[in-house]
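As a basis for the values below, the full set of heavy atoms in this structure was taken, side chains included, without hydrogen atoms, waters or symmetry mates.
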Protein chains: 2
Amino acid sequence: MRQHVLLIEDDATVGRQVADHLQRAGYAVTWWTEGCLIDPHTASSVQLVVLDLTLPGTDGLDILKDVRCFSEVPVLVLSARTDSSYKTRALRLGADDFVSKPFWPDELLARVDARLRRPLLRRPGPIEAGPLRIDLEAAAVHFNGEPVHLTAVEFGILAALAVRPGQAVTRGWLVDNHLDPHRAGGARTLDVHVSRLRKKLGDQGIIETVFGIGYRFRGSVTS
Amino acid sequence: MRQHVLLIEDDATVGRQVADHLQRAGYAVTWWTEGCLIDPHTASSVQLVVLDLTLPGTDGLDILKDVRCFSEVPVLVLSARTDSSYKTRALRLGADDFVSKPFWPDELLARVDARLRRPLLRRPGPIEAGPLRIDLEAAAVHFNGEPVHLTAVEFGILAALAVRPGQAVTRGWLVDNHLDPHRAGGARTLDVHVSRLRKKLGDQGIIETVFGIGYRFRGSVTS
DNA sequence: TCAAAGTCTTAAGGAGGACTTAAGGTGTCC
DNA sequence: GGACACCTTAAGTCCTCCTTAAGACTTTGA
């Protein structure tokens with residue numbers, strides 16, 4: 001039976017991205033674009049809730065408080081607010097995890113995976129592949145011990161590839177998930193980002209081209 | 001009792017390919033070349049629907065939305081559109097799976113199989129046969145642990161043979177399903193691809209010639 | 001064994017996908 | 001408002017790989 005995640009997120013872009021990511025990872029996803037209280041039936045039919053706290057109208061904390069009256073379903077909280085008072089309130093009210101926006105979709109996925117105890121897509125901790133070390137949480141990359149400065153998009157693309165070592169990731173998916181969705185010429189833009197990424201990483205064939213498909217991260221990943 | 005799949009696909013080439021694949025795998029296939037709403041009787045008489053979203057005239061999403069009013073039949077959605085907004089909409093409207101075009105016919109088959117035969121959780125894993133490992137999802141092949149670089153067509157042909165170990169696959173079918181349909185001299189082209197494939201795989205008789213018929217994958221497939 | 005049909009191999013051509021560089025534009029920080 | 005960083009676009013070049021062609025080789029059936 002496929003595990004079911006309820007996503008409550010009003011922002012279309014973020015919601016789309018998260019839903020897509022979870023879906024691809026094999027979860028069934030129900031996406032509510034408005035904040036409203038979770039009924040007991042829904043709560044018992046999903047295995048996890050991803051809840052954005054900064055919803056218009058309903059306060060996310062109210063939803064959280066309410067659902068805790070009758071359900072123990074794990075709730076992973078998203079918030080643009082980074083102040084720890086808000087965070088601790090959420091955790092005290094029964095949230096199981098807290099992710100600040102902006103976040104890497106893969107980081108969220110890793111946390112969902114961890115919470116549901118599935119075989120992890122990646123192990124916790126930095127990813128290491130040869131001279132490369134990628135720390136998803138810190139959004140930092142080191143190459144031969146030296147810190148490498150990557151832009152947000154570059155890091156996102158690299159991370160997306162690195163958490164799926166040996167697997168081809170399509171150009172279309174990368175464009176959808178890591179480039180501006182409101183622009184048109186995404187395919188060429190992706191070329192440029194990959195090109196720069198390779199140059200910064202010494203161009204040792206770490207990112208392979210899969211002709212006609214996309215790219216693949218090469219190198220054995222040792223947690 | 002043979003399981004019945006309803007295929008809604010306007011593109012003749014793709015439709016033929018998919019229908020053929022499913023039929024060979026033992027499914028009864030009904031193929032609609034036009035998008036129109038699915039009546040309750042039809043919905044209840046098939047075990048799965050493969051629905052192309054990019055139909056002329058009727059919007060595939062409307063068909064999906066409509067059928068969900070009265071039926072829980074699994075719907076596997078095909079689309080040439082790779083933008084995830086469309087995809088997410090489809091999934092929210094009740095699609096059970098989503099495959100982007102272009103796709104490997106065998107991948108589609110694997111997903112249909114997964115949904116109808118195997119009680120989930122087990123995603124189609126890599127095919128292993130002796131020193132050879134073929135990962136359909138990752139579009140990757142390893143030989144004696146070493147990654148082997150195959151082109152898209154080569155990979156498609158190998159996969160088509162490998163998922164039918166010991167079974168002769170006709171040249172005509174391979175040409176129809178894995179070569180450019182707009183070209184003429186397909187038979188000779190197939191020769192070339194098979195030749196290259198053998199060379200890359202060490203030419204250990206993995207791909208046998210069945211004279212006058214086609215080719216056969218040799219080796220016991222585990223997993 | 002011989003002829004005919006089928007298959008294998010190598011090399012070359014061309015179409016389309018991918019890479020690189022440079023420049024434009026947008027947003028952010030001070 | 002100005003400087004800066006960064007994403008995107010454009011354009012030209014490079015390169016991969018599907019296809020075709022041609023000839024050698026293998027199998028089949030008489």
Side-chain angles (χ1 to χ4, degrees), chain A residues 13 80 102 139 141 147-158 160-161 168-216 218, chain B residues 13 82 101-102 104 139 141 147-161 168-216:
Chain A
T13 305
V141 173
V148 179
H149 175 76
L150 298 185
T151 69
V153 174
E154 285 160 8
F155 183 84
I157 292 170
L158 177 63
L161 295 173
V169 180
T170 67
R171 296 174 63 88
W173 185 85
L174 288 169
V175 169
D176 280 347
N177 288 279
H178 293 281
L179 299 182
D180 186 346
H182 303 299
R183 305 300 190 90
R188 297 282 69 74
T189 304
L190 180 61
D191 290 346
V192 176
H193 286 300
V194 171
S195 172
R196 277 204 274 263
L197 206 39
R198 281 171 168 157
K199 188 179 284 180
K200 289 183 182 179
L201 299 180
D203 200 359
Q204 314 217 336
I206 294 173
I207 300 176
E208 274 185 316
T209 300
V210 185
F211 199 90
I213 310 252
Y215 298 94
R216 180 192 291 137
R218 183 171 194 173
Chain B
T13 306
T82 53
K101 296 181 182 179
W104 304 114
V141 173
V148 179
H149 176 78
L150 298 185
T151 69
V153 174
E154 285 160 9
F155 182 84
I157 292 171
L158 177 62
L161 296 174
V169 180
T170 67
R171 295 173 62 87
W173 184 85
L174 288 169
V175 169
D176 283 347
N177 287 279
H178 290 97
L179 299 183
D180 186 346
H182 302 299
R183 305 300 190 91
R188 296 285 69 73
T189 304
L190 180 62
D191 291 346
V192 176
H193 285 301
V194 171
S195 171
R196 277 204 274 260
L197 206 40
R198 281 170 169 158
K199 187 182 283 181
K200 289 182 182 180
L201 298 180
D203 200 0
Q204 315 216 335
I206 294 174
I207 300 176
E208 279 183 315
T209 300
V210 185
F211 199 90
I213 310 267
Y215 299 94
R216 181 194 292 136

Determine, step by step, whether Leu190(A) and Tyr215(A) satisfy the side chain to side chain contact (heavy atoms under 4.5 Å, CB included) criterion, reporting the C-alpha distance in whole Å, the side-chain angles of both residues, the deciding distance to 0.1 Å, and the verdict.
-> CA-CA 11 Å; Leu190(A) 180 61; Tyr215(A) 298 94; 4.1 Å; yes

Measure from OH on Tyr215(B) to C1' on dT27(D) and round the result to the nearest Å.
-> 14 Å

State, to the nearest 10°, the angle formed by the axis through the first five base pairs of the helix from dT1(C)-dA30(D) to dC30(C)-dG1(D) and the axis through its last five.
-> 40°

Think Arg198(A) has a side-chain N or O under 4.0 angstrom from the OP1 or OP2 of dC19(C)?
-> yes

Contact under 4.0 Å: Thr209(A) side-chain N or O vs dC19(C) OP1/OP2 = yes

Take Val153(A) and Thr189(A) through the test side chain to side chain contact (heavy atoms under 4.5 Å, CB included) and record every step on the way to the result.
-> CA-CA 11 Å; Val153(A) 174; Thr189(A) 304; over 6 Å; no

In whole angstrom, what separates His178(B)'s NE2 from dT19(D)'s P?
-> 12 Å

Consider the side chain of Thr151(B), meaning its heavy atoms from C-beta on, and name the nucleotide among dT19(D), dT7(C), dC18(D) that approaches it most closely.
-> dC18(D)

Rounding to a whole Å, what distance do you find between His193(B):NE2 and dC17(D):C1'?
-> 8 Å

Could you check how far CG of Leu197(A) sits from C1' of dC19(C), rounded to whole Å?
-> 14 Å

Does dT10(C) have OP1 or OP2 sitting under 4.0 Å from an N or O in the side chain of Ser195(B)?
-> no

Is any side-chain heavy atom of Leu197(B) closer than 4.5 Å to a side-chain heavy atom of Lys200(B)?
-> no

Criterion side chain to side chain contact (heavy atoms under 4.5 Å, CB included) on Ile157(A) and Ile207(A), from CA distance to verdict | CA-CA 10 Å; Ile157(A) 292 170; Ile207(A) 300 176; 5.9 Å; no

Find the distance Glu208(B):CD to dT26(D):P and express it as a whole number of Å.
-> 17 Å

Counting any heavy atom closer than 4.0 Å, what does Val192(A) reach on the DNA or RNA strands: base, sugar-phosphate only, or nothing?
-> base

Below 4.0 Å: OP1/OP2 of dC8(C) and any side-chain N or O of Lys199(B) = no

Send over the distance from Leu174(A) CG to dC7(D) P, rounded to a whole Å.
-> 15 Å

Heavy-atom donor-acceptor pair, Arg216(B) side chain to Val210(B) backbone, under 3.5 Å = no

Apply side chain to side chain contact (heavy atoms under 4.5 Å, CB included) to the pair Leu201(A) and Glu154(A), showing each step before the final yes or no.
-> CA-CA 11 Å; Leu201(A) 299 180; Glu154(A) 285 160 8; over 6 Å; no

Identify, between Phe211(B) and Arg196(B), the residue whose nearest nucleotide on DNA chain C lies closer to the 5' end.
-> Phe211(B)

For Leu150(B) and dC18(D), give me the distance from atom CG to atom P, rounded to whole Å.
-> 10 Å

Is it true that a side-chain atom of Arg171(B) and a backbone atom of Ala187(B) form a donor plus acceptor pair closer than 3.5 Å?
-> yes

Whole Å only: how far is the CZ atom of Arg188(B) from the P atom of dC25(D)?
-> 17 Å

Look at Thr189(A) and dT9(D) and indicate whether a side-chain polar atom (N or O) is within less than 4.0 Å of OP1 or OP2.
-> yes

